[in-house]
Asker: 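Please see the structure below; I have some questions.
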There are 2 protein chains.
Amino acid sequence: MINELEKIKDSLLIKDIKLEELSSMLGCLRGVIKHYKKGEEVLSQGAEIKKFGLLTEGKLQVVQYDYLGNKSILSIIEPKQIFAEAYAYVNKIPSMNVEALVDSTVLFLDSDKLSSPCHNCCTFHKQLVKNLLFIISNKNVNLTEKIECMSQRKTREKLLTFLSLESIKQNSKEFYIQYDRQGLADYLGVERSAMIQ
Amino acid sequence: MINELEKIKDSLLIKDIKLEELSSMLGCLRGVIKHYKKGEEVLSQGAEIKKFGLLTEGKLQVVQYDYLGNKSILSIIEPKQIFAEAYAYVNKIPSMNVEALVDSTVLFLDSDKLSSPCHNCCTFHKQLVKNLLFIISNKNVNLTEKIECMSQRKTREKLLTFLSLESIKQNSKEFYIQYDRQGLADYLGVERSAMIQ
DNA sequence: ATCATCTTGTTGTTTTTCCAACATACTTTT
DNA sequence: AAAAGTATGTTGGAAAAACAACAAGATGAT
């Protein structure tokens with residue numbers, strides 16, 4: 001268990017929390033560690049969620065199957081990232097699956113326990129909540145930006161909106177793009193070959 | 001001030017918090033009340049945000065001006081709803097304006113103070129954080145669903161995805177749609193007249 | 001160095017959307 | 001009841017995107 005904590009020590013979720021405090025966190029939040037083989041389902045569509053996950057090792061993908069059975073990749077989870085936290089908090093049944101891309105290890109934490117801290121109200125608990133608020137708010141901002149791009153009607157406008165946002169974010173007319181062409185096309189929901197015209 | 005609290009007493013933000021505790025909240029979170037005339041700017045694009053808002057009276061709209069100057073309405077804020085909370089938490093400069101549609105009153109609360117509770121760690125403070133987590137998570141889920149619809153390539157598929165999600169949410173083959181045709185077209189980012197074919 | 005694989009650019013055809021204009025139905029106001 | 005306003009349905013032509021298929025270039029492994 002201590003071993004797993006070492007791997008996630010610079011995760012945003014536990015930012016500014018001392019290593020000593022982490023082991024007590026596991027008790028407070030009913031931490032459970034699970035291992036998954038490549039290809040296994042970590043969370044499945046339609047199953048209720050009470051805990052959110054923190055990936056300690058491996059790689060996961062969040063996928064969605066629409067009413068026609070088409071698969072689309074919503075996001076890739078890398079080590080130290082959390083997932084399913086929003087669904088855990090609103091007690092909604094998620095409409096996506098999480099699958100292990102390689103052999104993976106996940107630390108599940110109780111979302112209820114996190115937001116209703118124990119009576120002693122330990123300092124690390126406050127910090128955890130603060131970190132979680134930051135992470136979810138950040139996702140929120142990113143989702144809003146994605147929608148801003150996708151709301152544009154034309155591929156050209158979607159792309160220009162994306163580039164404009166990146167330029168602002170990186171505060172320069174030159175900036176780094178984290179996607180390759182196909183990836184960017186998928187992100188914007190357009191055809192790769194249409195992006196160049 | 002007490003007057004304002006009365007108006008928001010069944011806001012999700014202060015769910016399960018006693019009225020007596022609310023006045024101490026105002027102190028803790030450095031509550032500030034501001035009034036706006038119809039048409040005035042409540043928050044402006046590019047200005048840093050340290051507080052988030054809770055609308056106590058009136059009606060606001062969140063709008064965005066893209067690089068071409070085109071205006072698009074992101075959301076309408078009704079009384080008891082909070083706004084700008086995600087941007088306040090990540091300390092990112094918002095890319096949208098908030099404008100008063102009618103004369104409005106806003107209670108601004110300090111986001112830092114909320115997530116770093118005072119030493120005594122009052123019980124209402126815990127509840128506030130819990131409520132905020134719920135609200136933000138819920139927005140997150142809604143944004144994700146919108147993206148799910150908009151990711152579909154064709155208008156027909158966007159619409160079917162939306163309908164399918166609503167059907168699941170309302171757990172019935174018959175369900176209520178909160179938008180009129182034009183509103184739904186705007187939400188999905190398509191042409192109204194193309195939705196019917 | 002060669003081969004296989006992945007990424008990107010290019011093209012032509014088909015499909016779909018956009019846009020603008022107008023007809024019809026429904027609501028609200030006077 | 002009439003009028004004005006709003007929401008919805010319908011259309012045809014222009015514009016754009018989707019799709020599929022292939023070429024050229026880059027990358028990586030053996």
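Chain letters run A, B, ... following the sequence lines, proteins first and then strands; every chain starts at 1.
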Asker: Taking atom P of D:dA18 as reference, at what distance in whole Å does atom CZ of A:R156 sit?
Answerer: 15 Å
Asker: Roughly how many Å is it from CG in B:D186 to C1' in C:dC18, rounded to a whole number?
Answerer: 14 Å
Asker: Specify the separation, in whole Å, of atom CD of B:Q152 and atom P of D:dA18.
Answerer: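 It works out to 12 Å between those atoms.
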Asker: Can you tell which of D:dG9, C:dC18, D:dA20 lies closest to the side chain of A:S193?
Answerer: D:dA20
Asker: To the nearest Å, give me how far apart CE (B:M195) and P (C:dT16) are.
Answerer: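 In whole Å, C:dT16 P lies 17 Å from B:M195 CE.
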Asker: Can you tell me the distance, in whole Å, between the CG atom of B:L188 and the P atom of C:dT17?
Answerer: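 After rounding, the reported distance stands at 12 Å.
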Asker: Nearest whole angstrom, please: distance from the C1' of C:dT7 to the OH of A:Y179.
Answerer: 18 Å
Asker: Let's see if you can work this out: which of C:dT7, C:dG9, D:dT8 has an atom nearest to the side-chain heavy atoms of A:D180?
Answerer: C:dT7
Asker: Give the nucleotide from the list D:dT8, C:dG9, C:dT16 with an atom nearest to the side chain of B:K154.
Answerer: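 For the B:K154 side chain, the nearest candidate turns out to be C:dT16.
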Asker: Under 6.0 Å from the NZ atom of B:K169, do we count more than 12 heavy atoms belonging to anything else shown?
Answerer: yes
Asker: Can you confirm whether more than 12 heavy atoms, excluding those of B:R30, are under 6.0 Å from its CZ atom?
Answerer: no
Asker: Under 4.0 angstrom, heavy atoms only, what part of the nucleic acid is B:R192 near: base, sugar-phosphate, or nothing?
Answerer: base
Asker: Taking for each residue the nucleotide of DNA chain C with the nearest heavy atom, is it A:Q182 or B:R153 whose nucleotide lies nearer the 5' end?
Answerer: A:Q182
Asker: Can the ring centres of B:F134 and A:Y89 be said to be less than 6.0 Å apart?
Answerer: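 That pair fails the under 6.0 Å test.
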Asker: In whole angstrom, give the distance that lies between atom CD1 of A:I196 and atom C1' of D:dA23.
Answerer: 14 Å
Asker: In the structure I gave you, are the side-chain heavy atoms of B:S137 and A:Y87 within less than 4.5 Å of one another anywhere?
Answerer: no
Asker: When you get a sec, tell me which of C:dC18, C:dT8, D:dA18 is the closest nucleotide to the side chain of A:E191?
Answerer: D:dA18
